[in-house]
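Throughout, numbering of the chain's residues begins at 1 and tracks the sequence. Nothing here was measured: the structure is a model prediction, and the numbers come from that model.
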Amino acid sequence: MNAIFSLLRTDGANHARLVAGPLLIVMVLAMMVLPLPPFALDLFFTFNIALAIMVLLVAMFTTKPLDFAAFPSVLLFATLLRLSLNIASTRVILLHGNTGSDAAGRVIEAFGHFLVGGNYTVGIIVFIILVIINFMVITKGAGRIAEVGARFTLDAMPGKQMAIDADLNAGLIGEEEARRRRREVGEEAEFYGSMDGASKFVRGDAVAGLLIMAITIIGGLLVGLLQHGMSLSDAGRTYTLLTIGDGLVSQIPALVISTAAGVIVSRVATDQDIGGQMASQLFSNPTVMYITAAVLGLIGIIPNMPHVAFLTLAASVAGVGYLIQQRQERAAAAEQELAAAEAAPAPTTAATEATWDDVALVDPLGLEVGYRLIPLVDNAQQGDLLQRIRSLRKKFAQDVGFLPPVVHIRDNLELKPNEYRILLSGVEVGRGEAMPGQWLAIDPGGVIDPVEGTPTTDPAFGLPAVWIQEENRDRAQMAGYTVVDPSTVAATHLNHLMHRHSAELLGRQEVQQLLDRIATEAPKLVEDFVPKTVSLTTLQKVLQGLLQEDVPIRDMRTIIDVLAEHVPRMSANGGTVEPAELVALVRQALGRAITQALFPGQGEMRVIGLDVNLERVLLQAVNAGGALEPGLADTLLQQADAAVQAQEQAGDPPVLMVQPPLRASLARFLRLHLPHLAVLSSAEIPDDRTIRVTAMIGGNAA
């Protein structure tokens, strides 16, 4: 029975939400067509005021514009409701206005007599002032902000999409989170576009209010004079006060909803509502409060000024400033005590005999952070860096083909407060800074409007960047920056270094675990492979050789098949098994995957080639086992650099194609100076791919 009642309650709530919209439309149409009694008008006018207050409060308590994505539709229905009420009340005023001031209901009577004192001249002036404020100030400003916001949001969409794709490729977010972010970017653009058009409703409502008031006053005078035989003064007073009450009871909610529209489009998206933003930013600096109090005090002591009002307010502002200063001093003292407690040495105890437990093994992969970055790795303080590291380790395993070591994180008081460093086998391989509470705006090269901030460099890729405050985040994205939070900065840097040093992360333990993983699915494949066919050390060197050249080792079946075929033949001939030769053979077997990663699809491969004369000289040097002449090496590097730049400008990947005997030596030589240049041998390219040489190295090098 409880389940049935719960289902009925759920269905009832769903049906109520479904009929709410059509019921509102029917109500609006009924007010336009059917005559309403004064009591019904009172109810509808009261509902209109309550709706306006609710909309304003919801706008005040939202933390970002999309939290109130239905606002443009609400604005349209609220405007339509006010206009239909104007039609209904105008009908009642013209039909029954001669019966007295309460002919159109108590609400219109109260607004026409109590608010303006029964003086229709004052009422007309107040009504016109309200319309001017609504039309010329609030609605015009909100419409302009919505227009600019819509344009900037559309301009910033490509940059936001690139940032989402970058986080997805780095393993910082999953597919579901990426889809949610893309959907949010699209909804944001649609929202600002809708707000740009919805602001026109409010402007039209203000104009319609003026016209309705003028038409109702003129119509009321004609009805009173010609149909009811009233004098000009009585008709003017009666119908004008009723019309003014009608206009005020409509325009005050319109002003409230216009203010809500301004709040929605003018706020900066943070994790605080508009009230929290105002309180935290207006009352955050005690110096501002002291200066304001001093200015008010100076004005208050001027002769003939209202001393009590100015001096009382000056004392109140100074008191608020003192309370803010005391609170900030207590917070600073607590932070210093925490830092001192962390820096204090541990209490000493009596010396004990050394054991093997005192031997600290070096972590394969480590991350050390300054004390201000501790919240980033503390789950109790909503730090998300640990979760990001787990995600990028999973992404690394999926892309590269083995599970990297666990990242051991610890604090290091010898580092600067905002500094971190990344260690590989206890040796530093990277260092950077992260500013908690700020955002890193990275310039990818297409920034149109630089933002103010602390200049720095992206630690992962060396791009120019600036640390900016939270309130400048949206502006930076609109200007073309890629904006990331401190956790993403550290995680991206770690991910970049993990890929760069993947060969060093693959130890004997990881190779054995990789073989054990393969044995669970294909036990016959590895049953006699290690150590009978290939030693674990040789296999490790082959896999490391592939990783050094950015070749994933996901296809372990092909790698094992190649080694199982060629290693016994090499050993049978009495020669030594060289890992470099095995790497070349494995690369040829993985040629389709290597080529597909560099040139996706089945299109034409646009590559860099070697001049025939230079190729002959390099082959002679490789066969003789000697090094290149310094002049030839410099010329080769210069021309290779020029060819890489030409490829990148043409939008083609920098790939050099050479003969198989040259590939390994040339790849080692060029990797030191041009790490982004991939070197392929002609034997690694599938027969069904078309090749076009778009740049040439060595026209005069030989």
Side-chain angles (χ1 to χ4, degrees), residues 158-159 162 165-166 169 442-448 457-458 460-465 480 482 496 499-500 548-551 587 590-622 627-702:
M162 291 174 60
D165 294 339
N169 294 333
I442 304 171
D443 181 3
V447 171
I448 56 177
T457 301
D458 171 39
F461 304 103
L463 296 174
T482 299
H496 175 69
H499 281 80
R500 191 182 196 181
Q548 285 176 351
E549 298 184 354
D550 296 328
V551 177
R587 281 183 60 96
L590 299 175
R592 187 174 296 278
I594 297 172
T595 305
Q596 188 70 21
L598 296 172
F599 298 94
Q602 295 297 321
E604 185 179 65
M605 296 175 52
R606 300 167 60 87
V607 301
I608 305 171
L610 280 182
D611 180 73
V612 177
N613 295 327
L614 176 60
E615 200 167 43
R616 185 176 62 254
V617 172
L618 294 176
L619 282 172
Q620 293 175 356
V622 170
L628 293 178
E629 297 179 1
L632 177 59
D634 293 340
T635 304
L636 178 61
L637 287 176
Q638 293 174 4
Q639 294 191 9
D641 188 20
V644 168
Q645 294 180 11
Q647 287 286 100
E648 292 177 345
Q649 291 176 0
D652 298 323
V655 177
L656 173 63
M657 187 184 70
V658 299
Q659 294 186 20
L662 285 178
R663 200 213 63 80
S665 301
L666 205 54
R668 284 194 301 270
F669 173 71
L670 294 176
R671 190 186 308 132
L672 300 175
H673 307 280
L674 299 172
H676 300 299
L677 176 61
V679 183
L680 291 180
S681 76
S682 56
E684 296 170 354
I685 301 176
D687 296 335
D688 58 350
R689 297 301 297 267
T690 305
I691 303 172
R692 179 187 293 272
V693 178
T694 56
M696 187 67 68
I697 299 177
N700 300 316

Verify side chain to side chain contact (heavy atoms under 4.5 Å, CB included) between Gln647 and Thr694, making sure each step is shown before the conclusion. CA-CA 8 Å; Gln647 287 286 100; Thr694 56; 2.4 Å; yes
Hey, could you give me the CZ/CG distance between Arg616 and Leu614, rounded to the nearest 0.5 Å? 9.5 Å
Report the C-alpha distance between Ile685 and Ile594 in whole Å, list the side-chain angles of each, state the deciding distance to 0.1 Å, and finish with yes or no for side chain to side chain contact (heavy atoms under 4.5 Å, CB included). CA-CA 9 Å; Ile685 301 176; Ile594 297 172; over 6 Å; no
Using the side chain to side chain contact (heavy atoms under 4.5 Å, CB included) rule, take Leu674 and Asp641 through it: C-alpha gap first, then chi angles, then the decisive distance, then the call. CA-CA 7 Å; Leu674 299 172; Asp641 188 20; 4.0 Å; yes
Contacts of type salt bridge (Lys or Arg N to Asp or Glu O under 4.0 Å), residue Arg671, not counting sequence neighbours: Glu549
side-chain contact (heavy atoms from CB on, under 4.5 Å) with Glu648: which residues, sequence neighbours excluded? Val644, Pro654
Side-chain contact test, heavy atoms from C-beta onward, threshold under 4.5 Å: evaluate it for Met657 versus Ile608 and give yes or no. no
Identify the two heavy atoms, one from Ile697 and one from Ala643, that lie closest to each other, and give their separation to 0.1 Å. CG1-CB, 4.1 Å
Report yes if some heavy atom in the side chain of Leu666 is under 4.5 Å from a heavy atom in the side chain of Leu610; otherwise report no. yes
Could you tell me the separation between the CG atom of Leu636 and the CG atom of Leu670, rounded to the nearest 0.5 Å? 6.0 Å
Which heavy atom of Pro653 sits nearest a heavy atom of Leu598, and at what distance? CG-O, 3.6 Å
Apply side chain to side chain contact (heavy atoms under 4.5 Å, CB included) to the pair Arg587 and Leu680, showing each step before the final yes or no. CA-CA 9 Å; Arg587 281 183 60 96; Leu680 291 180; 3.6 Å; yes
Sequence neighbours excluded, the answer for side chain to side chain donor-acceptor pair (under 3.5 Å) partners of Thr457 is none
Counting only heavy atoms not in Arg500 (residues, nucleotides, ligands), do more than 12 fall under 6.0 Å from its CZ? no
Going by the rule side chain to side chain donor-acceptor pair (under 3.5 Å), which residues pair with Asp652 if we only count those two or more places apart in sequence or in a different chain? Arg606
Residues that Gln659 engages under side-chain contact (heavy atoms from CB on, under 4.5 Å), provided they are two or more places apart: Glu615, Leu619, Pro661
Non-neighbouring partners of Arg592 that pass salt bridge (Lys or Arg N to Asp or Glu O under 4.0 Å), sequence neighbours left out: Asp688
Listing request: all ring-ring contact (aromatic ring centres under 6.0 Å, His included) pairs with a residue in residues 655-675, at least two apart in sequence or in separate chains. Phe669-His673
Please list all pairs passing the side chain to side chain donor-acceptor pair (under 3.5 Å) test where one or both residues lie in residues 593-605, with sequence neighbours left out. Glu604-Arg692
Those residues that, when tested against Ser681, pass side-chain contact (heavy atoms from CB on, under 4.5 Å) (two or more places apart): Pro660, Arg663, Ala683, Glu684
Could you list the residues that satisfy side-chain contact (heavy atoms from CB on, under 4.5 Å) with Ala460, not counting sequence neighbours? Asp458, Thr492, His493, His496
Close side-chain approach of Ile691 and Val607, heavy atoms under 4.5 Å: yes
